[in-house]
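Below, chains carry the letters A, B, ... as their sequence lines are ordered, and counting in each starts from 1.
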Protein chains: 2
Amino acid sequence: MSSLAEVARVAGVSVSTASRVLAGSSHPISAKTRAKVMAVADELGYSPSALARALVSRSSRLLGVLVSDIVNPYFSVIARGVDDVASRAGYVTMLCNVDRRTTTEITRLRTMRDYRAAGVIFAGSGYVDDPREPDLAEAVGEARAQGIHAVSLAARGIGCPVIAADAQAAAYEITDYLVSLGHRRIAFIEGPEGMVATRQRRDGFLACMRDAGLAESAHCRPGGFDYEAGHAATLRLIARPPLPDAVIAANDEAAVGALNALRQARIDVPGEVSVAGIDDLRVARFVGLTTVSLPLYEMGAMAARHIIDTPPETAAAVPAETTTLSHRLIPRETTARRPG
Amino acid sequence: MSSLAEVARVAGVSVSTASRVLAGSSHPISAKTRAKVMAVADELGYSPSALARALVSRSSRLLGVLVSDIVNPYFSVIARGVDDVASRAGYVTMLCNVDRRTTTEITRLRTMRDYRAAGVIFAGSGYVDDPREPDLAEAVGEARAQGIHAVSLAARGIGCPVIAADAQAAAYEITDYLVSLGHRRIAFIEGPEGMVATRQRRDGFLACMRDAGLAESAHCRPGGFDYEAGHAATLRLIARPPLPDAVIAANDEAAVGALNALRQARIDVPGEVSVAGIDDLRVARFVGLTTVSLPLYEMGAMAARHIIDTPPETAAAVPAETTTLSHRLIPRETTARRPG
DNA sequence: TTGTATGCGTTATCAA
DNA sequence: TTGATAACGCATACAA
């Protein structure tokens with residue numbers, strides 16, 4: 001309510017002086033006036049307008065994060081990583097759910113631009129051959145030219161740096177682990193059709209199976225990223241014997257869905273069939289699911305840190321390089337060794 | 001990058017005219033100049049500064065939501081409700097994780113105030129006898145006096161309207177359902193110690209048991225709101241026979257933890273022991289958990305709607321009333337009738 | 001229908 | 001060490 005002008009007036013100093021003490025400037029100020037101004041500000045309940053500050057400094061302490069759906073734990077962990085470093089640095093994170101729609105991403109990016117956000121983080125993975133991706137790339141280019149940082153948390157051709165895990169390598173590694181355990185016939189429950197993330201994970205699986213000389217016993221099945229999809233796909237698997245030695249799902253939720261389907265059908269896991277996922281979400285730890293841990297939290301945190309630590313002027317100059325964060329195999333109780 | 005002044009200059013009109021067409025004012029404008037201005041704006045890639053707009057209009061289209069932890073599905077569903085109505089109305093939601101710390105809530109509220117947020121939504125429940133609650137209430141009062149709306153999504157004495165479900169009634173109802181199914185000895189796994197939400201849910205359970213003349217067979221056990229807490233509490237229950245007829249957990253996650261503990265111990269659910277939760281999160285549907293559906297999404301949505309639809313001037317005048325949204329019993333497969 | 005002038009709350013430049 | 005004053009980008013009351 002009370003402005004700098006008001007504080008200055010009551011304290012009997014000029015706005016500039018008031019600004020200097022309240023904004024924590026390095027400009028020399030006498031101890032007496034400083035104390036006076038602080039006292040008045042406190043008394044009046046002065047709250048500096050971040051809006052005015054951002055307006056004059058031409059860049060706000062606002063950080064945008066675009067997720068598909070915050071209810072999806074994959075994204076909420078990322079958002080948490082973003083917000084933790086953002087809030088610690090005095091930034092505020094703006095959350096946008098885009099429901100995997102590229103056009104929505106473009107719209108929301110525009111909004112972030114209107115607020116002169118310090119940067120925006122794209123958490124989702126995009127689609128294979130997305131016809132709107134060039135439009136997004138263009139919008140990202142404009143934003144960056146304007147001093148707004150952009151970071152993608154998945155491999156995507158939108159012309160900005162990428163901070164991500166190597167999902168394909170992660171899928172390869174979990175597959176390799178199952179193979180090393182002696183599994184041969186392995187079913188892979190894919191993610192939602194058309195997504196880049198879906199393709200990467202499947203490709204990792206297939207590459208490993210090929211390298212192991214097991215191409216013939218690699219079985220990809222349509223699925224999705226949620227419990228129900230994993231459950232349904234597994235039910236179909238059960239309906240058509242023979243059962244595979246192991247089931248790998250494209251992510252943890254689907255893997256838990258698979259696990260439940262198997263156990264409900266009284267199929268012993270890991271006795272008869274092993275089950276594994278990818279992501280290492282909380283639910284994976286809870287049910288003892290073997291998986292690959294992806295540095296989701298760290299991706300969000302690192303992206304935020306990059307934006308906060310890099311001056312806006314250089315936003316356009318940041319190379320669109322990929323920083324790959326490492327994943328880690330997490331063997332738990334849903335997988336077991338198969339006798340030779 | 002390009003400002004209204006620039007657009008006006010290039011289009012050969014005054015800033016006011018440019019503003020009128022670009023801000024969608026109702027002020028009459030000739031079709032020709034309107035077209036001209038729009039064309040120039042488009043060509044220059046004009047992006048209106050939401051910051052400047054907010055500064056001059058003294059209120060932004062920013063909506064703050066304070067959650068304990070966005071990774072907790074209880075809160076991410078609320079956040080989704082908020083963001084859906086916010087974004088549809090052209091607002092942006094600012095997300096803050098406060099980790100159940102009242103002091104952090106105060107700090108973040110201040111930040112929202114600095115951004116002249118249209119309103120802030122408190123999603124968490126607070127503590128019983130929280131010594132900092134008065135401070136929060138004071139900060140909320142200041143914010144409201146300044147035209148910033150505040151809404152709490154849980155019964156809390158912080159001097160603002162409350163939009164919430166009746167958690168106690170919900171707990172009562174799920175208990176009543178189990179009683180009606182013929183259960184007598186019922187264990188209740190409580191939430192985190194000291195939280196208001198914990199107390200409400202337990203009180204609802206106890207009230208029902210008392211009303212049913214079953215006070216003697218009501219057993220409250222310390223627990224928590226996550227899988228692990230429910231699991232651990234149930235393990236302790238198993239270790240000290242006799243087993244109860246049913247286990248009610250303070251929320252769904254803990255209930256799923258209980259469910260797993262029971263099944264791992266080869267105790268048939270619902271054959272030997274029934275299990276129920278509260279909240280109706282996705283995981284509950286997936287595992288077939290009997291629970292009470294709380295209108296989390298709707299609470300967030302309604303709070304956002306209230307803030308957006310109520311003019312800032314009247315923020316301080318909004319009565320601190322409680323709007324109670326209805327819950328609904330969701331019987332599923334983890335509960336069964338006990339023979340008389 | 002269009003333009004002029006003023007103010008929103010800050011910061012920064014330049015004097016004093 | 002302090003103070004005018006000019007932006008920052010926009011909306012609006014008031015004129016024309």
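Across the protein-nucleic acid pair, A/Leu22 atom CG and C/dA12 atom P stand 14 Å apart, rounded to whole Å. Between the CZ atom of A/Arg9 and the P atom of C/dG9 there is a distance of 13 Å, rounded to whole Å. Atom CZ of B/Arg116 is separated from atom P of D/dA11 by 18 Å (rounded to the nearest Å). Rounded to whole Å, atom C1' of D/dA7 lies 9 Å from atom CZ of A/Arg58. Atom-to-atom, CD of B/Glu6 to P of D/dC8 comes out at 11 Å; the value is rounded to the nearest Å.
One side chain, A/Ser30 or A/Thr33, offers a donor N or O that lies under 3.5 Å from an acceptor on the other. No side-chain N or O of B/Ser26 forms a donor-acceptor pair with one of B/Arg20 less than 3.5 Å apart. Counted by atom type alone, B/Arg101 and B/Ser68 present zero donor-acceptor pairs between their side chains at under 3.5 Å. Inspection of the B/Asp84 and B/Tyr297 side chains reveals an N or O donor paired with an N or O acceptor under 3.5 Å. Using modelled atom types and a 3.5 Å distance limit, the side chains of A/Ser57 and A/Ser59 yield no donor-acceptor pair.
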Item to check | Audit row: A/Ser49, B/Leu55, side-chain contact (heavy atoms from CB on, under 4.5 Å) steps and yes/no | outcome: CA-CA 8 Å; A/Ser49 168; B/Leu55 184 59; 4.1 Å; yes
request  = Take B/Leu62 and B/Tyr91 through the test side-chain contact (heavy atoms from CB on, under 4.5 Å) and record every step on the way to the result.
outcome  = CA-CA 6 Å; B/Leu62 256 18; B/Tyr91 282 64; over 6 Å; no
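The side chain of B/Leu4 lies closest to D/dA11 when the candidates are D/dA11, D/dC8, C/dG9.
Interface residues of residues 12-21 of chain B facing DNA chain C, ordered by number: B/Val13, B/Ser14, B/Ser16, B/Thr17, B/Arg20; criterion, heavy-atom separation under 4.0 Å. Of the residues in residues 34-56 of chain B, those lying under 4.0 Å from DNA chain C by heavy-atom distance are B/Leu55, B/Val56.
The side chain to side chain donor-acceptor pair (under 3.5 Å) test with A/Ser47 singles out one residue from B/Arg116, B/Glu142, B/Arg110, and that residue is B/Arg116.
Nucleic acid contact for B/Ser25: none, since no nucleic acid atom lies under 4.0 Å from a heavy atom of the residue.
Side-chain N/O atoms of A/His27 and base N/O atoms of D/dT2 include a donor-acceptor pair closer than 3.5 Å.
Here the side chain of B/Thr17 pairs no donor or acceptor atom with the backbone of B/Val13 at under 3.5 angstrom.
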